Number of protein chains: 2
Amino acid sequence: MMHRKSVLGTGIELDELAQKNDTAIQDDPALAQYEDPSGSSSITSQAYTRLRADIMSGVLTPGKKLKIEELRSLYDFGSSPIREALSMLTSDLFVERIDQRGFRVADVSEKEFDELLRTRRWLEERALRESIAHGDSNWEEQVVLSAYRLSRVPRSQTDDHFVANEEWEIRHKHFHMALIAACPSSIMLKFCDQLYDQNVRYRHLSGSKAYPSRDINAEHNAITDAVLERNADLAVELLMSHYATTGNFLKAKLTPKTKA
Amino acid sequence: MMHRKSVLGTGIELDELAQKNDTAIQDDPALAQYEDPSGSSSITSQAYTRLRADIMSGVLTPGKKLKIEELRSLYDFGSSPIREALSMLTSDLFVERIDQRGFRVADVSEKEFDELLRTRRWLEERALRESIAHGDSNWEEQVVLSAYRLSRVPRSQTDDHFVANEEWEIRHKHFHMALIAACPSSIMLKFCDQLYDQNVRYRHLSGSKAYPSRDINAEHNAITDAVLERNADLAVELLMSHYATTGNFLKAKLTPKTKA
DNA sequence: ATGCGTTAAAATATCGATATTATTTCCAAT
DNA sequence: ATTGGAAATAATATCGATATTTTAACGCAT
C-alpha cells in the first residue's frame with residue numbers, strides 16, 4: 001500500500017499524476033456513470049433527464065402535483081414517456097407515486113433533510129471505512145486524480161457572487177464517489193449515490209447563494225490525505241464534519257407546501 | 001424506560017400483553033404496511049403483486065428476459081400495467097431495466113448474495129443501535145408483541161418436511177422491522193425493508209427445504225430480551241450472528257444463468 | 001471457413017383514443 | 001348555515017395500433 005504525506009500539499013506529484021493519466025492511468029469505468037450525459041437518446045431518457053433536472057433545480061417545486069397532461073404539453077413528449085420517466089424518478093426518491101392518483105414531486109421538510117443527512121453520514125461512514133480497508137492502488141490513484149481534478153475548477157463561475165459551476169458539481173460528486181468506490185458492496189454504493197443526489201437537490205432548493213467562505217478545497221485535501229494514509233478514523237471524522245458543516249449551513253427556508 | 005429480564009422466557013407476561021392488545025395496544029400503523037395484501041385493486045397493482053410474488057418465489061428465474069408480450073398473454077393483463085409493474089419492481093431491485101431493450105429478472109450470484117448479506121448487516125446494525133437509542137415504550141411493546149406473534153405460528157406447515165408457512169413469513173418480517181422501527185430515519189427503514197425482501201428471495205431461490213434444526217425462536221427471543229434491556233452491543237451481536245448463520249446455511253446452488 | 005454488411009424478424013417504445021376512477025360542484029334537505 | 005349526496009368535471013389507468021429500435025439471419029466477399 002502507498003503511504004504518502006500531504007499529497008495535495010504542494011501539487012507537484014499531482015501534476016505528474018495528471019500527466020500520467022493521459023497514458024497509463026485510465027479512468028475507472030465504474031466511476032464513469034457519475035458524469036451522466038443523458039443516457040441514451042430515447043424519448044423516455046430525454047424526459048427522465050429533463051424532469052430530473054427540473055426537480056433537482058427546483059423548477060418543479062416540492063409537493064407539486066405532476067399531471068401527465070400538463071407535463072405532456074409543457075415538455076412536448078407523449079404521455080407514455082412522461083409516465084415512464086416519472087416511474088423511474090420514483091426509484092430515485094425524486095417523485096412520489098400516490099396510489100391511484102398519479103405522481104407528485106417528492107416533498108421536502110427540515111425533518112426529512114435531517115433524516116437524509118443523518119442517513120448519509122451513517123452509510124458514508126461505513127462505506128468509507130470499508131473502502132479504506134479494501135481499496136487497492138488503483139483506487140488510491142482514482143482518489144488522487146478525482147481530488148486533483150476537482151481542485152482545478154472553481155466552485156462558482158464568477159468571483160463576486162455565486163453562480164453554480166456545473167463542471168464543479170460533476171467533479172465534486174466524482175470525488176466523493178471515488179472515496180468510497182472500493183467499498184465491497186454495489187448496493188451500498190447505489191444507496192450513497194441516491195442520497196448524494198438527494199442532498200444536491202436540497203442544496204439547490206435552499207437557494208444557497210453566497211456559499212461558505214471556508215476553504216472547501218482544503219477540506220477535500222485533508223480528507224484525501226487521511227484516506228491515502230489509510231487513517232480511517234481521521235478520514236471518517238473529517239468527512240463527517242465536512243457534511244455536518246455543509247448541512248447546518250443549508251437549513252434555510254424550505255417551503256414544504258404540498259400545492260397543486 | 002422499561003427494564004425486563006427474559007420477557008419471553010415464560011410467556012406469562014406475554015399472554016397479558018396479547019390480551020391487552022385487543023384493547024389498549026394498537027398495532028403501530030407504521031408497521032401495517034409490511035402485511036402487504038395487494039395494495040389497491042387496480043390492474044397495475046395486481047400485476048405488480050403477481051409478478052413480484054413469482055420473482056420472489058423463483059417461478060420467474062433470475063436473468064430471465066421479461067418480454068411484455070409474453071407476460072401479457074401469461075398473466076392476462078394489458079401491456080401498460082405490465083410495463084408499469086416492471087417499472088415499479090425495478091425500484092425494489094427485483095427487476096433490471098436494460099436501456100432500450102426492456103426488462104429482465106434481476107440476476108443472482110454468490111457474489112451478489114455476499115454483498116447483500118454484508119450490506120444488510122451494516123445497515124441493520126446501525127438501524128438497531130439507533131432504534132434502541134431512540135425507542136419509546138410503545139416501540140418496546142411492539143417488539144414484544146411481534147415477537148410473541150411470531151412465536152405462535154410454526155415455521156413450517158408440516159412437521160416432517162419443510163413447507164413454507166406464509167403467515168410465519170409475514171410475522172417474521174414484522175418482527176425484524178419492529179426491532180429497528182424506532183430508528184429515526186424513514187430512508188434507512190426503507191433500505192432495510194428492500195434488503196430484507198431481497199434476502200427472502202435468495203432464501204426461496206436456494207430451495208432450502210430442510211431448514212436448520214437450530215431453534216430460531218430461541219434466537220429471536222434472545223434478541224428481543226437484549227433489545228428490551230437496551231443492551232445494544234449484545235442485541236447487535238445476536239442479530240448479526242443470527243444473519244451470519246442463516247446466510248451461510250443458504251449459499252446453495254444458485255443458477256445465475258442469464259437465459260432468455 | 002471466417003468476417004462483414006445487408007436485410008428480415010422480433011421486441012420495445014410511443015402514440016392517440018377510450019374506459020375508470022377520483023375530485024369537485026352544486027343543489028336539496030335538515 | 002351546514003351537511004349529504006348526486007351529477008359534472010378532470011385526471012389517471014388502460015387498451016390497441018403504429019413507429020423505432022434491436023436482434024437474428026442470411027449471403028457475399030475475402
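Remember, predicted model here, so these are calculated numbers, not experimental data. Proteins come first, then strands; the chains are lettered A, B, ... in the order of their sequence lines, and each starts at number 1.
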Would you kindly give the CZ-to-P distance between R97(A) and dA11(D), to the nearest whole Å?
-> 19 Å
Spacing of L71(A) atom CG relative to dA11(D) atom P, expressed in whole Å | 12 Å
Can you sort out the partners of F103(A) under ring-ring contact (aromatic ring centres under 6.0 Å, His included), two or more places apart, ordered by chain and number?
-> none
Once you round it to whole Å, what is the distance between P of dT9(D) and CD of E69(A)?
-> 18 Å
L66(A) atom CG is separated from dA11(D) atom P, nearest whole Å, by 13 Å
Considering only NZ, NE, NH1 and NH2 on the basic side and carboxylate oxygens on the acidic side, decide whether E84(A) and R83(B) come within less than 4.0 Å.
-> yes
Could you grab the distance from atom CG of L51(A) to atom CD1 of I82(A), nearest 0.5 Å is fine?
-> 5.0 Å
What pairs meet the salt bridge (charged side-chain N to carboxylate O under 4.0 Å, His left out) rule with one or both residues in residues 177-186 of chain B, with sequence neighbours excluded?
-> none
When the distance from CZ of R104(A) to C1' of dT12(D) is rounded to whole Å, what number comes out?
-> 15 Å
So does K173(A) pair up with E169(A), basic N to acidic O under 4.0 Å?
-> no
According to a strict under-4.0 Å criterion, is K65(A) in side-chain N/O contact with OP1 or OP2 of dT12(D)?
-> yes
What is the distance from CD1 of I98(A) to C1' of dA11(D), rounded to the nearest Å?
-> 11 Å
How would nucleotides 14-23 of chain D be written as a contact map, 5' to 3', with B for base contact, S for sugar-phosphate-only contact and - for no contact, using protein heavy atoms under 4.0 Å?
-> SB-----SSS
May I ask you to check whether R120(B) and Y243(B) show a side-chain donor-acceptor distance below 3.5 Å?
-> yes
